[in-house]
Amino acid sequence: MATAIETAKIICAELINSGVRDFVLAPGSRNAPFGFAAFAAEQRGEIRLHVRIDERSAGFTALGLSVGTDSPVVVITTSGTAVANLHPAVLEAAHAGRPLIVISADRPATLIGSGANQTTVQQGIFGAALRGIWQLADADDQPEHWRSAVRRTVVAATGVRDRSPGPVQLNVALRPSLVPGVADHDPVDAGRFEVQSLPPPVPAAVDVAARSVVVAGDASAPTGRQAVELAQATGLPLLAEPSSNARRGPAIGTYRLLLPGFASEIEQVICFGHPTLSRPVQQLLARTDLELIMVTETAQWIDPGLAVDRVVDAVQPRGQGDPQWLARWQGADRELRRRITAEESAAGTELGGARTASIFWSVLAGLAEEQLVVLGSSQLIRDVDLAPVGPHAPRVHANRGLAGIDGTVSTAVGLALGAGHAVHALLGDLTFLHDLNGLLIGPEEPRPEVRFVVVNDDGGAIFGTLEQGAVEHADAFERIFGTPHGSGLAQLVEGYRARYRRVDTATDLAAELRRPVHGIEVLEVVVDRSERRAEQQRLQDLGAQITLSAN
């Protein structure tokens with residue numbers, strides 16, 4: 001009968017044979033066999049091992065590694081609450097289509113329900129979020145079954161046979177002994193296994209209506225390029241969110257403010273990715289009086305307004321947009337940008353949240369195109385959504401599958417480790433504090449190069465721009481939505497052995513962003529959020545004025 005160590009060796013060997021190269025391990029006793037197997041594999045040069053104390057951080061580090069390598073990544077936990085701590089990362093992976101492989105070590109089946117220490121029902125703990133789940137046990141003594149399950153796990157995670165990548169779980173029940181012994185054997189080579197990929201997506205013919213727009217939501221770099229190329233080829237306005245990887249070239253930078261004034265004239269929408277940032281776009285995608293075409297290579301498509309007319313793999317356009325239609329959008333965008341820039345110039349060197357985001361985006365877009373950026377999913381990504389558009393843009397990732405603030409620090413760390421390049425991350429203070437343990441990286445672990453720009457307004461700025469921020473809720477707002485914390489970021493950051501610097505002027509921020517990144521750095525920008533709601537209203541009013549004159 002196979003031992004726990006032999007079982008873990010076989011499973012890890014088959015994962016490696018299937019092309020997995022990054023393993024993230026959260027230490028524990030029950031998953032010790034996997035820890036030993038992964039450590040030995042790294043010593044042989046077969047994988048990279050990343051050890052994280054905090055399971056939630058481990059999950060999001062694996063998620064970032066998957067984005068950075070464009071490959072499946074394994075995260076391994078011990079039994080009990082350790083598994084549950086992966087749930088946020090699993091949910092994000094599910095909704096973003098990321099190939100995350102969870103190996104959860106478990107107690108033997110005879111102990112489930114017995115009250116044994118660190119024992120709960122782990123099979124199905126992630127519910128409908130998984131693309132597949134396999135229950136294994138060393139007591140089965142069936143290496144062929146384990147290898148087959150691993151192969152199916154990787155195929156399901158990558159979506160190579162159904163274009164629906166996402167998280168999967170191998171729940172493995174292990175018995176003592178959980179450490180190597182002299183009687184343990186190395187796995188026998190199982191031979192070659194090959195899975196054929198699906199053929200490339202086939203473009204569908206799409207007749208371009210005169211007054212069409214291209215909408216690009218959160219998407220990969222290849223998908224973003226498709227959106228840009230379509231807009232350029234057809235002469236259509238491109239409305240691109242920051243994490244669409246299409247916010248460059250022909251994109252309309254102030255589209256969010258202009259859309260309410262142009263929306264009634266739109267006849268057709270061709271949508272890429274997962275648009276989630278603005279209500280004007282959501283309202284547009286819910287309309288039934290226009291043609292709505294969703295472009296996706298996967299088995300899933302976005303339809304929050306339940307109004308999609310066609311779902312296609314890719315677009316082969318027929319016809320062109322109306323040149324006057326595009327010219328009106330571009331003219332309105334130029335004029336609105338001019339007025340916003342004039343307001344920023346009048347503020348001198350003073351930094352606010354929106355201005356920090358604008359400088360952040362503009363500086364990085366002016367550097368090499370291979371710049372990697374992570375944006376926190378709260379107010380600041382919306383600020384970048386109004387930043388100037390240039391001919392180039394950095395490659396952007398944001399956890400927009402469920403748009404939570406969970407794990408953003410760890411995701412940025414994983415992305416930098418996976419890509420092998422420095423990463424710049426722009427996030428608010430609550431997003432940063434929520435995943436502060438993402439900075440908890442042991443001295444023997446690979447350390448990435450990440451520069452975090454933390455805009456600290458001592459609370460949740462985004463709520464001030466929503467219904468909760470209305471004057472009639474002022475008595476309750478600050479405590480239950482604003483949530484000031486008064487934390488000293490300098491002391492916290494330095495406690496995690498990261499570099500810290502406070503930045504107070506626009507000039508200094510731009511200079512810091514142009515510097516090469518060394519290790520883990522945190523730039524703190526302290527701003528006031530008290531005028532956020534009024535600022536948003538001024539921008540909306542300005543956009544309404546511009547579109548009125550453009551029409």
Would you say [X]'s side chain and [Y]'s backbone share a donor-acceptor pair under 3.5 angstrom?
X	Y	answer
Glu14	Val150	no
Glu241	Leu277	yes
Arg514	Val363	no
Asp303	Val308	yes
Ser66	Ser71	yes
Glu445	Gly442	no
Arg247	Ala387	yes
Arg225	Ser220	no
Ser362	Ile359	no
Arg515	Ala511	no

Close side-chain approach of [X] and [Y], heavy atoms under 4.5 Å:
X	Y	answer
Phe272	Leu238	no
Thr223	Asn245	no
Asn437	Ile53	no
Ile11	Thr7	yes
Asn456	His485	yes
Leu492	Ser487	yes
Glu297	Gln226	yes
Phe193	Arg147	no

Can you name the nearest heavy-atom pair linking [X] to [Y], along with the distance?
X	Y	value
Val450	Ala412	CG2-O, 4.0 Å
Ala4	Arg175	CB-O, 3.4 Å
His50	Leu65	CD2-CD1, 3.7 Å
Ala58	Val24	O-CG1, 3.6 Å
Gln169	Gly124	OE1-N, 4.3 Å
Arg382	Ile462	NH1-CD1, 3.6 Å

More than 12 foreign heavy atoms under 6.0 Å from [atom1] of [X]: is that the case here?
X	atom1	result
Arg152	CZ	no
Tyr496	OH	yes
Asp162	CG	yes
Glu444	CD	no

>> One pair to check against side chain to side chain contact (heavy atoms under 4.5 Å, CB included): Val453 and Val503. What are the steps and the verdict?
In response: CA-CA 9 Å; Val453 179; Val503 179; over 6 Å; no

Value rounded to 0.5 Å, distance of [atom1] in [X] from [atom2] in [Y]:
X	Y	atom1	atom2	result
Ile441	Ile520	CD1	CD1	4.0 Å
Phe60	Arg52	CZ	CZ	14.5 Å
Trp361	Asp385	CH2	CG	9.5 Å
Gln142	Ser148	CD	OG	10.5 Å
Leu15	Ile103	CG	CD1	5.0 Å
Met294	Thr296	CE	OG1	8.0 Å

Does either side chain, that of [X] or that of [Y], offer a donor lying less than 3.5 Å from an acceptor on the other one?
X	Y	value
Thr411	Asn399	yes
Ser410	Asp435	yes
Thr276	Arg400	yes

In residues 25-36, what donor-acceptor pairs under 3.5 Å come from side-chain atoms, sequence neighbours left out?
residue, atom, partner, partner atom, Å
Arg30, NH1, Leu174, O, 2.5
Asn31, OD1, Gly28, N, 3.1
Asn31, ND2, Ala26, O, 2.9

> Salt bridge or not for Asp313 and Arg163, using N-O below 4.0 Å?
Replying inline: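 Yes.
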
Could you tabulate the donor-acceptor pairs under 3.5 Å formed by side-chain atoms of residues 79-89, not counting sequence neighbours?
residue, atom, partner, partner atom, Å
Ser79, OG, Gln118, O, 3.0
Asn85, ND2, Thr81, O, 3.2

>> Under the side chain to side chain contact (heavy atoms under 4.5 Å, CB included) test against Leu523, which residue among Arg451, Arg502, Arg499, His424 passes?
In response: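 Only one option passes, and that is Arg451.
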
>> With side chain to side chain contact (heavy atoms under 4.5 Å, CB included) as the criterion, how do Val373 and Leu426 come out once you've worked through the C-alpha distance, each side chain's angles and the decisive distance to 0.1 Å?
In response: CA-CA 8 Å; Val373 165; Leu426 179 67; 5.8 Å; no

>> Set out, in order, the CA-CA distance, both residues' side-chain angles and the distance that settles side chain to side chain contact (heavy atoms under 4.5 Å, CB included) for Leu63 and Glu92, then state yes or no.
In response: CA-CA 9 Å; Leu63 191 70; Glu92 176 61 27; 3.5 Å; yes

>> Could you walk me through whether Ile302 and Cys271 satisfy the side chain to side chain contact (heavy atoms under 4.5 Å, CB included) test, starting with their C-alpha distance in whole Å, then the side-chain angles of each, then the deciding distance to 0.1 Å, before giving a yes or no?
In response: CA-CA 9 Å; Ile302 305 304; Cys271 184; over 6 Å; no

>> So if I apply the side chain to side chain donor-acceptor pair (under 3.5 Å) rule between Asp106 and each of Asn171, Thr119, Thr78, which one comes out positive?
In response: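 Checked Asn171, Thr119, Thr78 against Asp106; only one passes side chain to side chain donor-acceptor pair (under 3.5 Å): Asn171.
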
